[in-house]
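Beneath this line is the structure, given in structure tokens, with notes to follow.
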Amino acid sequence: MPVIIFIVLALSVFLGKKGKYNIILAGLLFVIWIGRSYSFSFEKPILKSDLEVVFWNAYRKNNFEKAFIEYESIPDVLVLTESNESNIASLQLKYPDFHFYKSEREIWIFSKMPIDIIKEETSNYNSTVIIFKTHGINFYAVDMVGSADVPRSWEYQFFNSISKNKEKAIILGDFNIPVESLFLNDLKKEYNFYFTSNGNGFRETWFWNIPLLSIDQIWVSKDLQIVTSEIIRTFKSDHAMIKTVVRR
């Protein structure tokens, strides 16, 4: 939508007096964009029993420890994609009470509780879904391929064939399609988008703090309560870090 607004305004320069209609159209589109993409909610108290979940596409330059620094805390569950090499053995020595997992496909998982890896599957075109359980929640860590030459319909058939659990479940990752996409319609029937009613600010996460597309997402099954959600802007990656707090 921001790109469309920019194009409409740019065209108004060449239309003379008729350009005023472009300016009016751009204003209407701007109002629609703000209404759809910007959220505001009052701060809610967080209980000790609530679950703090964070996802970040780390842009190949960041690892768990850099993520902890950027987040300024250690969440209950943290999933990274496109992370650079971390030494699990060293991390385990430094954080002996916590748990780490490294996949074969650049997905890294951290939890304050033990991680039970249920399944790890990769499509023929390198989209990956890891199903794991921790804190009594079923998680799906997602890294969908972003190549323009791979039809999204193929990859989301693969995704839908795996994501079967609809209870006490959280799906998070880099979807490489915006939340408005029709390919997410099945997901929207069973899950709540983390930012819809409990977020603050723009929901778009890409790129470089310019709110263009909401391709990094967290989806929460409807039997779980979303307490609050936040997008953490950073110049350490072209993707923002995203967070939600869930009450079981």
Side-chain angles (χ1 to χ4, degrees), residues 51 53-60 62 64 67 75-83 101-111 115-135 137-148 150-196 203-207 213-222 224 226 229 231 237-244 246:
L51 192 68
V53 179
V54 174
F55 169 76
W56 192 25
N57 181 316
Y59 192 56
R60 307 188 187 282
N62 301 290
F64 279 122
D76 296 304
V77 179
L78 169 63
V79 174
L80 301 179
T81 59
E82 297 187 20
S83 175
Y101 174 77
K102 174 189 176 184
S103 79
E104 297 178 357
R105 305 294 306 181
E106 293 186 331
I107 298 179
W108 301 70
I109 300 168
F110 162 86
S111 177
I115 302 168
D116 180 14
I117 301 296
I118 308 298
K119 184 186 293 187
E120 180 174 344
E121 290 199 21
T122 300
S123 74
N124 294 332
Y125 299 95
N126 295 325
S127 293
T128 298
V129 177
I130 299 177
I131 306 173
F132 67 98
K133 191 167 186 175
T134 186
H135 294 273
I137 301 291
N138 302 294
F139 284 86
Y140 296 81
V142 176
D143 188 15
M144 302 300 286
V145 68
S147 300
V150 179
R152 295 296 187 266
S153 59
W154 296 356
E155 296 309 277
Y156 278 88
Q157 286 176 6
F158 160 76
F159 168 75
N160 289 329
S161 70
I162 296 173
S163 56
K164 299 293 186 181
N165 200 323
K166 306 297 188 298
E167 297 179 351
K168 288 190 175 181
I170 296 175
I171 302 175
L172 72 168
D174 183 352
F175 283 71
N176 268 308
I177 55 173
V179 69
E180 300 88 357
S181 173
L182 296 177
F183 294 122
L184 297 176
N185 280 352
D186 288 343
L187 196 61
K188 293 170 186 175
K189 295 175 184 176
E190 305 290 345
Y191 289 81
N192 291 321
F193 183 59
Y194 80 115
F195 209 69
T196 299
R203 71 184 184 189
E204 285 81 8
T205 62
W206 184 84
F207 68 73
L213 294 172
S214 50
I215 59 177
D216 305 280
Q217 303 163 22
I218 302 176
W219 296 87
V220 180
S221 62
K222 294 184 178 180
L224 299 173
I226 301 171
S229 298
I231 292 178
S237 170
D238 60 335
H239 293 248
M241 182 181 288
I242 61 176
K243 159 198 171 180
T244 193
V246 172

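All values below were derived from every heavy atom in this structure, side-chain atoms included, with hydrogens, water molecules and symmetry-related copies excluded.
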Nearest-0.5 Å distance, CG of residue D216 to CD1 of residue I242: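 Spacing of CG (D216) from CD1 (I242) equals 5.5 Å.
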Taking the ring centre of each residue, are W219 and Y194 less than 6.0 Å apart?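 Distance test on ring centres: not under 6.0 Å, no.
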Show the nearest heavy-atom pair for residues S123 and E155, with the distance to one decimal.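 That would be OG-OE1, 2.6 Å.
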Does some side-chain heavy atom of [Y] sit less than 4.5 Å from a side-chain heavy atom of [X]?
| X | Y | result |
| --- | --- | --- |
| T128 | E104 | no |
| F175 | L187 | yes |
| I131 | N138 | no |
| I177 | L184 | yes |
| W56 | S237 | yes |

Suppose we screen for side chain to side chain donor-acceptor pair (under 3.5 Å). Which residues come up paired with T81, at least two apart in sequence or across chains?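 T81: no side chain to side chain donor-acceptor pair (under 3.5 Å) contacts found.
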Tell me every residue that passes ring-ring contact (aromatic ring centres under 6.0 Å, His included) with Y156, counting only those two or more places apart in sequence or in another chain.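 With sequence neighbours excluded, Y156 shows a ring-ring contact (aromatic ring centres under 6.0 Å, His included) to F159, given in chain and number order.
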Only counting residues at least two apart or in another chain, list the ones meeting ring-ring contact (aromatic ring centres under 6.0 Å, His included) with F207.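 None.
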Determine whether the side chains of Q217 and Y191 contain a donor N or O and an acceptor N or O closer than 3.5 Å.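 No, no side-chain donor-acceptor pair sits under 3.5 Å.
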Verify side chain to side chain contact (heavy atoms under 4.5 Å, CB included) between D76 and H135, making sure each step is shown before the conclusion. CA-CA 9 Å; D76 296 304; H135 294 273; 4.0 Å; yes
Quick one: do R60 and E106 make a salt bridge, cutoff under 4.0 Å?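 A salt bridge is present here (some side-chain N lies under 4.0 Å from a carboxylate O).
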